[in-house]
Amino acid sequence: MCGIVGYLGEKDAVPILIKGLKRLEYRGYDSAGIAVMRNGEMNVVKKRGKVKTLEASVNDLGLSGSMGIAHTRWATHGEPSDNNAHPHTDQTGNISLIHNGIIENYSVLKQMLKKRGVTFTSETDSEVIVQLISMLYNRDGLSFVKAVQAALQEVVGAYGIVVMCKEEPGVLVAARLGSPLVLGVGDGEYFIASDASPIVEYTRNVLYLGEGEMVIINKDGYTIKNILKDTVVSKEITQIDLTIEEIEKGEFPHFMLKEIFEQEHTITDTLRGRIQIEEGSAHLGGIQDFLTRIENASRFYITACGTSWHAGLIGKYLLEEYANIPVHVEYASEFRYRRAVIDSRTVVIAISQSGETADTLAAIRKAKDVGALTMGICNVVGSSIARETDCGVYTHAGPEIGVASTKAFTAQLAVLTMFALMLGRMRKLSINDGREVAKSLTQISQSVSQILNTSEEIEKIAKEYLDVDNFLYLGRGLNFPVALEGALKLKEISYIHAEGYPAAEMKHGPIALIDEKMPIVVLVPHDRTYEKVLSNIEEVRSRNGRILLVTDKITDDLKSLSDHIIKVTNPHRITFPLLAVIPLQLLAYHLAVLRGCDVDQPRNLAKSVTVE
């Protein structure tokens with residue numbers, strides 16, 4: 001991991017590669033590097049730290065060339081350093097490679113290569129691939145393309161790679177297994193990248209490599225092959241539905257703030273054309289062919305990671321209440337390794353912003369192996385999860401650049417709410433109740449706008465909590481997962497320790513932490529849990545905790561018990577979680593900015609987690 005970009009054409013590759021790396025910075029990384037081919041020579045520069053550090057070195061050296069590869073690395077094997085950065089070059093200095101993913105049998109391969117006299121210069125698993133290719137090319141006499149293909153048949157794990165060889169200066173070879181790659185086709189030039197963001201400025205014509213496929217690119221064109229079968233694969237060129245404006249910050253200081261504010265439109269975009277007010281239902285076109293099987297399911301599993309898992313928890317509450325069906329929510333990393341009760345009457349819903357999350361993909365494959373119906377909820381058209389599930393629903397959040405997910409989360413909640421409404425109407429939910437929910441969803445945008453107008457007020461509140469090291473977030477029912485998500489956002493970008501808890505469970509442990517230094521964020525909708533949550537707030541107040549409330553109605557009781565209140569205008573009780581998370585996103589954002597943190601690229605995190 002984490003970002004790949006390559007170029008072959010008539011232009012100078014260096015500015016294209018550097019700009020491509022900058023487009024990929026959002027994915028999170030700790031080092032960067034570039035390799036460029038010119039006049040039969042291959043020049044490699046690698047630097048720990050930001051792309052701007054690499055760019056300065058490249059400019060000082062005056063690198064140029066019409067073919068090259070570049071990479072931003074998120075460490076899996078070996079600490080961040082110049083040596084461990086990509087590209088990796090074989091011991092002959094002939095072949096250079098960039099790699100996303102993880103090689104599980106690298107230790108065995110490394111020992112074998114060492115016995116054959118190979119000297120390694122890094123601590124990474126990635127270097128094993130390029131040294132193996134080199135051995136097959138130089139010692140065993142295979143052609144460059146055949147050496148890459150043969151090497152990939154020996155490695156176990158996940159990879160997205162791009163390789164070049166200075167003895168074949170007009171050829172780029174790329175391959176994927178578990179880590180996405182997209183090929184951009186221009187006018188006499190070709191681009192390869194881990195996602196479309198480095199490509200869109202130059203061409204909208206793309207091809208997505210499938211699992212176990214490789215592409216051989218030269219100035220005359222490209223050929224896609226199956227790695228194992230060595231057969232040519234035919235693919236149609238598709239058009240990127242993406243604009244430069246969508247992947248730039250515009251007038252906002254950070255992508256995260258831009259994406260928080262975009263929720264006024266992205267939630268509505270996800271709902272648009274799908275709400276059926278008169279029927280009190282929703283129409284989700286991507287699952288229509290499987291409605292009978294979905295309606296007759298005996299149980300649902302929702303599997304996801306991180307923020308998407310929190311969305312799944314809310315989906316569980318909604319589906320069980322409206323559709324009266326048991327729902328289990330599991331971290332994909334756990335689901336894939338345990339013996340879950342799954343059969344042909346089970347529906348497994350996989351949620352992922354990127355559509356490439358490795359653990360979630362593995363969970364889908366496991367579910368399909370035992371005959372379950374798989375349904376995807378993701379944000380990226382053409383992603384692996386979109387292709388591998390039996391059916392699914394796209395969110396319409398647009399590209400999310402900030403590492404900490406915001407608009408993708410609320411778009412996922414919008415889809416899950418529509419799905420619960422649709423399935424509820426198919427089962428037991430009355431038309432009047434359905435109409436209430438459907439109508440409330442159409443009123444969301446106005447409520448979001450009102451919340452966003454409180455951003456400056458929330459910034460003032462954040463200034464009063466700069467001195468704290470710990471936060472506790474509390475919620476009940478539908479809002480317990482919102483507490484988890486609020487705590488996660490704070491941890492991710494401000495590095496303040498935070499925990500989300502069911503409000504009633506506070507007395508079973510966390511209450512011991514509460515004193516005058518501990519801020520407690522409490523979600524207090526005026527629903528059937530209101531009186532109970534009020535009692536939990538009293539318990540916090542009696543121990544001198546600092547209380548920040550998020551509520552849909554400010555009452556005298558709440559005023560007397562709190563230090564700060566943020567009001568959310570809420571059209572229906574089930575829409576409160578979708579709205580209440582937005583002020584928590586703003587609170588985390590403002591605290592992080594005030595603390596001087598890198599909001600869009602928090603330390604140690606990556607946007608798309610394509611390894612276990």
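Values in this document were obtained by computation on a predicted structure and should not be read as measured data.
- Heavy-atom contacts from other residues, nucleotides or ligands closer than 6.0 Å to NZ of Lys19 number 12 or fewer.
- Using modelled atom types, one side-chain atom of Thr203 and one backbone atom of Val185 make a donor-acceptor pair closer than 3.5 Å.
- Residue Ile224 holds its CD1 atom at 13.0 Å from OH of Tyr208, rounded to the nearest 0.5 Å.
- Within 6.0 Å of CG on Asp60 lie more than 12 heavy atoms contributed by other residues, nucleotides or ligands.
- The closest side-chain heavy-atom distance from Val148 to Leu152 is below 4.5 Å.
- Defined by atom type and a distance below 3.5 Å, a donor-acceptor pair is missing between the side-chain atoms of Gln585 and Thr406.
- Of the inter-residue distances, the one linking His71 atom NE2 with Leu17 atom CG reads 13.0 Å to the nearest 0.5 angstrom.
- The shortest distance between side-chain heavy atoms of Leu548 and Pro519 does not fall below 4.5 Å.
- In Glu123, the CD atom is crowded: over 12 heavy atoms of neighbouring residues, nucleotides or ligands sit closer than 6.0 Å.
- Proximity of a side-chain donor or acceptor of Thr72 to a complementary backbone N or O of Gly3 within less than 3.5 Å is detected.
- Heavy-atom neighbours of Glu456 CD from other residues, nucleotides or ligands within 6.0 Å: at or below the threshold of 12.
- Atom NZ of Lys114 and atom CD of Gln111 lie 5.5 Å apart (nearest 0.5 Å).
- For the 3.5 Å distance criterion, the side chains of Glu356 and Ser383 fail to qualify, holding no donor opposite an acceptor.
- Judged purely by atom type and a 3.5 angstrom limit, Lys46 uses its side chain to pair as donor or acceptor with the backbone of Asn83.
- Contact of the Cys305 side chain with the Thr360 side chain is registered, since non-hydrogen atoms from C-beta on lie closer than 4.5 Å.
- Two residues are said to be in side-chain contact when any heavy atoms from C-beta on lie closer than 4.5 Å; Ile385 and Ile351 fail this criterion.
- Salt bridge Glu457/Lys460: absent, no basic N to carboxylate O contact under 4.0 Å.
- Checking side-chain atoms of Asp12 against main-chain N and O of Ser64 turns up no donor-acceptor pair under 3.5 Å.
- Side-chain contact between Leu61 and Asn43 is absent, with no heavy-atom pair separated by less than 4.5 Å.
- Taking the ring centre of Tyr495 as origin, the terminal cationic atom of Arg595 falls outside the region bounded by 6.0 Å and 45° from the ring axis.
- Enclosure of atom NZ in Lys47 is not indicated, since only 12 or fewer non-hydrogen atoms of other residues, nucleotides or ligands lie within 6.0 angstrom.
- The main-chain N or O of Gly210 is found under 3.5 Å from a side-chain atom of Glu213 such that the two form a donor-acceptor pair.
- Checking each of Glu492, Gln412, Lys489 against Thr307 for a side chain to side chain donor-acceptor pair (under 3.5 Å) leaves exactly one that passes, namely Lys489.
- In this structure a side-chain-to-backbone donor-acceptor pair under 3.5 Å is present from Asp125 to Ile103.
- When atom types are taken as modelled, the side chain of Asp90 and the backbone of Ile95 share a donor-acceptor pair closer than 3.5 angstrom.
- In this structure, Gln131 CD and Arg116 CZ are separated by 13.5 Å, a value rounded to the nearest 0.5 Å.
- In this structure, CZ in Arg73 is found 11.0 Å from CG in Asn100, a value given to the nearest 0.5 Å.
- Side-chain atoms of Glu127 and Ser122 form a donor-acceptor pair, as typed in the model, at a separation below 3.5 Å.
- Ionic pairing of Glu400 and Lys407 is not present here: no N-O contact between side-chain nitrogen and carboxylate oxygen is shorter than 4.0 angstrom.
- Between the side chain of Asp600 and the backbone N or O of Met256, at least one donor-acceptor pair lies under 3.5 Å.
- In summary, the side chains of Asn379 and Thr395 do present a donor paired with an acceptor at a separation below 3.5 Å, with no hydrogens or angles considered.
- Taking the six-membered ring for Trp and thresholds of 30 and 60 degrees, Phe252 and Phe261 have ring planes inclined between 30 and 60 degrees apart.
- Contact check on Arg176 versus Glu211 returns a salt bridge, with a Lys/Arg side-chain nitrogen under 4.0 Å from an Asp/Glu carboxylate oxygen.
- Note: Tyr589 and His254 have perpendicular aromatic rings, judged against thresholds of 30 and 60 degrees for the angle between ring planes.
- Note: Tyr202 and Tyr7 fail the aromatic proximity criterion, with ring centroids not under 6.0 Å apart.
- Not one N or O on the side chain of His590 forms a donor-acceptor pair closer than 3.5 Å with the backbone of Lys463.
- Within the model, atoms CG of Leu183 and CG of Leu209 stand 7.0 Å from one another, a figure rounded to the nearest 0.5 Å.
- A donor-acceptor pair under 3.5 Å is formed between the side chain of Thr270 and the backbone N or O of Thr266.
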